[in-house]
Amino acid sequence: MKVKYLILGAGPAGLTIGNLLKRSAEDSFLVLEKESVPGGLCRSVEVDGSPFDIGGGHFLDVRRPEVNRFLFSFMPETEWNRFERDSRIAVHGTVIGHPIEANIWQLPIEEQVRYLKSVASAGCNTGTAMPDSFIDWIYWKLGERIAEDYMIPYNRKLFSSELDQLGTYWLEKLPSVSFDETLRSCLEKKAYGTQPGHAQFYYPKTFGYGELWRRMGASLGENLHCNCTVRGIDFEKKEVITDNGTITAEKIFVTVPWTSLSVLKGIPEVLTDGIGELKYSSVETRYFEENLDTSAHWIYYPDPDLPFHRILVRSNFCTGSKGYWTETNAERTELFRGEDRDRFHYLNEYAYPLNTKTKPRMISRLLSWTEQRGVIGVGRWGEWEHYNSDVTVAKAMSAVAKIMK
Ligand SMILES: Cc1cc2nc3c(=O)[nH]c(=O)nc-3n(C[C@H](O)[C@H](O)[C@H](O)COP(=O)(O)OP(=O)(O)OC[C@H]3O[C@@H](n4cnc5c(N)ncnc54)[C@H](O)[C@@H]3O)c2cc1C
């Protein structure tokens, strides 16, 4: 079989590429997806009569109008509710606003003094050079108290054993609050500083987040092949090896994890070794039917005795629903006990591409080599970046614009 364009994976990246090709009247393409439905990490199922987003808490950021215009062409804006973010942190039994450094003012006054003294003596406020490991950066940026009460235990739960290997080149994902803003927030008793994402967001009125991507998959018709696992790529023949046979293409878009491709022919050993070094973490989501007495959309839990690191209060963003779901690193799911073990749960093997110190050099070498051969890595796994879905769609739009030039 031969097509002009082959797209591996039908998550937001693959669905965007496929739909843009279709809209440009291109019909010689296929999107190959291993699951029975499209959407990737953004899929939803129904649990206890309401949507459950199996990939974790999924909200559409308002910040990229060109992306949202494209997405609203599949699911109009009138079908979405718009929210102001209400996210919180449970520190030593007290629940305060997120980010912690902008909400210390919500703690008792003695605690505020201790936290402020600790932030004041952090390396970034005393003129020490910024370190290049994430753990050292936490102490350098936020001081010992915030590091040890929240940031390190929380991130240890989120990234588990890989935390020690993370670098600092991706920190625009974290809130940016200066020491002046922390001080000002304590004096004025209100949060200062900026949230990096989801300060305002959309969530569907009557569906889960997955409905958007289901519709995008439906619009591809026969160009989308589900239940088709890709095993590998032969770079010399420009051929993709699947469970159902091989397909050749002029251009191949890789949106599946490079590490999920067991056959890579005609690629230098140094690059396959580099792919072997790419790290990722797995996240399990689990449903609890109890209604919580909070108006938060989600809450972060650094407490190492609790298995999960975040809860998503479904009843506060999903109309007519009840309960909440948890996100737990797969290495910690054994900590669920008793009846919690039997609750509905879903394991996402590929959840977070990890920002290890050596990744940027390795991935840029890989992507420039493959691109010269017409194989383009796009999206969270194709580029091995922590992209949210709106950023993924923006990247996929740029990739299509580039080949159409
Ligand atoms: C816990 C969590 C919370 C998140 N919260 C948000 C949020 O609030 N807002 C937001 O915008 N984004 C959020 N994201 C990010 C969002 O999930 C990603 O940006 C988005 O899913 C990336 O799309 P993608 O197509 O690149 O990858 P994916 O969604 O992972 O899609 C990849 C696709 O490839 C398929 N595939 C994999 N291997 C193969 C193979 N060998 N053969 C064939 N098919 C294969 C998979 O089944 C999948 O369908 C969150 C992610 C996580 C893990």
Side-chain angles (χ1 to χ4, degrees), residues 6-18 30-44 53-64 67-68 71 83 85 87 158-159 173 196-198 201-203 208-210 212-214 216-217 224-233 240-244 253-264 280-285 297-298 308-312 317 325-330 346-354 377-396 399:
L6 204 48
I7 300 132
L8 316 186
L15 291 169
T16 300
I17 297 167
L30 285 178
V31 182
L32 308 179
E33 167 57 48
K34 76 176 165 65
E35 300 291 340
S36 57
V37 288
L41 282 167
C42 296
R43 280 171 295 154
S44 307
D53 299 335
I54 55 173
H58 271 84
F59 307 100
L60 178 62
D61 208 311
V62 301
R63 287 179 304 169
R64 288 183 177 74
V67 166
N68 290 353
L71 296 177
F83 296 91
R85 169 176 176 157
S87 63
L158 178 62
F159 295 117
K173 293 286 290 181
H198 298 125
F201 62 85
Y202 292 101
Y203 191 83
Y209 196 51
L212 166 65
W213 315 98
R214 191 199 63 74
M216 285 177 75
L224 170 63
H225 286 198
C226 286
N227 299 309
C228 176
T229 301
V230 174
R231 297 289 169 206
I233 303 173
V240 165
I241 302 131
T242 79
D243 276 352
N244 314 328
F253 291 95
V254 177
T255 81
V256 304
W258 288 98
T259 48
S260 75
L261 302 175
S262 53
V263 185
L264 289 170
Y280 61 92
S281 67
S282 309
V283 167
E284 186 224 57
T285 46
H297 299 118
W298 62 91
F308 50 86
H309 54 263
R310 180 164 85 135
I311 65 166
L312 284 300
F317 56 83
W325 71 77
T326 56
E327 290 174 357
T328 308
N329 185 300
Y346 186 89
L347 179 66
N348 302 279
E349 185 195 351
Y350 282 95
Y352 288 100
L354 296 184
V378 188
R380 193 166 173 98
W381 304 106
E383 297 172 67
W384 217 265
E385 287 285 353
H386 254 202
Y387 295 149
N388 275 335
S389 58
D390 55 324
V391 181
T392 302
V393 169
K395 295 285 174 185

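Atoms within each ligand, like the ligands themselves, are counted from 1 in listed order. Values in this document were obtained by computation on a predicted structure and should not be read as measured data.
- The shortest separation from a heavy atom of Thr229 to ligand 1 is under 4.0 Å, placing the residue in contact.
- Of the candidates Arg43, Lys34, Arg231, Lys34 brings a heavy atom nearest to atom 38 (N) of ligand 1.
- Here the side chains of Glu349 and Tyr280 are in contact, with some heavy-atom distance below 4.5 Å.
- Considering Gly379, Pro12, Gly9 only, the shortest heavy-atom separation from atom 20 (C) of ligand 1 involves Pro12.
- The proximity of Tyr350 to ligand 1, defined as any non-hydrogen pair under 4.0 Å, does not occur for either the backbone or the side chain.
- Using a 4.5 Å heavy-atom threshold, the side chains of Leu71 and Met216 count as touching.
- Residue Val230 has at least one N or O atom closer than 3.5 Å to an N or O atom of ligand 1.
- Closest to atom 27 (O) of ligand 1 among all protein heavy atoms lies Trp381 CD1, 3.5 Å.
- A pairwise comparison of heavy atoms in Asn227 and Asn244 identifies O-ND2, 4.3 Å as the closest pair.
- The shortest distance between side-chain heavy atoms of Tyr203 and Tyr209 falls below 4.5 Å.
- Using a 4.0 Å cut-off to heavy atoms of Ser260, the atoms of ligand 1 that qualify are 38 (N), 41 (N).
- In terms of protein heavy atoms, atom 29 (O) of ligand 1 is closest to Leu41 N, 2.9 Å.
- Each of the following atoms of ligand 1 lies closer than 4.0 Å to a heavy atom of Pro257: 37 (C), 38 (N).
- For Glu33, a nitrogen or oxygen atom sits less than 3.5 Å from a nitrogen or oxygen atom of ligand 1, counting backbone and side chain alike.
- Remark: among candidates Ser282, Gly55, Ala351, the nearest residue to atom 1 (C) of ligand 1 is Gly55, based on non-hydrogen atoms.
- Every atom of ligand 1 with a heavy atom of Cys228 under 4.0 Å away is listed here by number and element: 43 (C).
- The nearest pair of heavy atoms linking Gly11 to Glu33 is N-OE1, 4.2 Å.
- Closest approach of Thr229 to Lys34, counting heavy atoms only: OG1-CB, 3.3 Å.
- With atom 22 (C) of ligand 1 as the reference point, the heavy atom nearest to it among Thr392, Thr242, Val37, Asn388 is part of Thr392.
- Proximity to Gly40 (heavy-atom distance under 4.0 Å) selects the following atoms of ligand 1: 29 (O), 31 (O), 48 (C), 49 (O).
- When heavy-atom distances to ligand 1 are checked against a 4.0 Å cut-off, Pro38 has no atom that comes that close, whether in backbone or side chain.
- Between Phe201 and Trp298, the gap from one ring centroid to the other is short of 6.0 Å.
- At the shortest separation from atom 9 (N) of ligand 1 among protein heavy atoms lies Phe59 O, 2.7 Å.
- Within the 4.5 Å cutoff, the side chain of Tyr350 has heavy atoms near those of the Thr259 side chain.
- Atom OG1 of Thr255 is separated from atom CD1 of Ile7 by 8.5 Å, given to the nearest 0.5 angstrom.
- A tilted orientation is assigned to the rings of His386 and Tyr352, their planes being inclined by 30° to 60°.
- Smallest separation of non-hydrogen atoms from Ile17 and Ala396: CG1-CB, 3.8 Å.
- In Tyr387, the part holding a heavy atom less than 4.0 Å from any atom of ligand 1 is the backbone.
- Within the listing of ligand 1, atoms 17 (O), 21 (O) sit less than 4.0 angstrom from a heavy atom of Cys42.
- With Arg43 contributing its side chain and Gly210 its backbone, the two residues share no donor-acceptor pair below 3.5 Å.
- Residues His225 and Val31 are not in side-chain contact: their nearest non-hydrogen atoms beyond the backbone lie 4.5 Å or more apart.
- Distances from atom 4 (C) of ligand 1 to the heavy atoms of Gly57, Gly56, Ser36, Ala396 put Gly57 nearest.
- Of all atoms in ligand 1, listed by their number and element, those nearer than 4.0 Å to a heavy atom of Glu35 are 47 (O).
- A 4.5 Å side-chain heavy-atom check between Cys226 and Val37 finds every atom pair outside the cut-off.
- From the protein, the heavy atom lying nearest to atom 25 (O) of ligand 1 is Ala13 N, 2.9 Å.
- Residue contact check: His198 has heavy atoms under 4.0 Å from atoms 7 (C), 8 (O), 9 (N) of ligand 1.
- Listed by number with element, the atoms of ligand 1 under 4.0 Å from a non-hydrogen atom of Glu327 are 1 (C).
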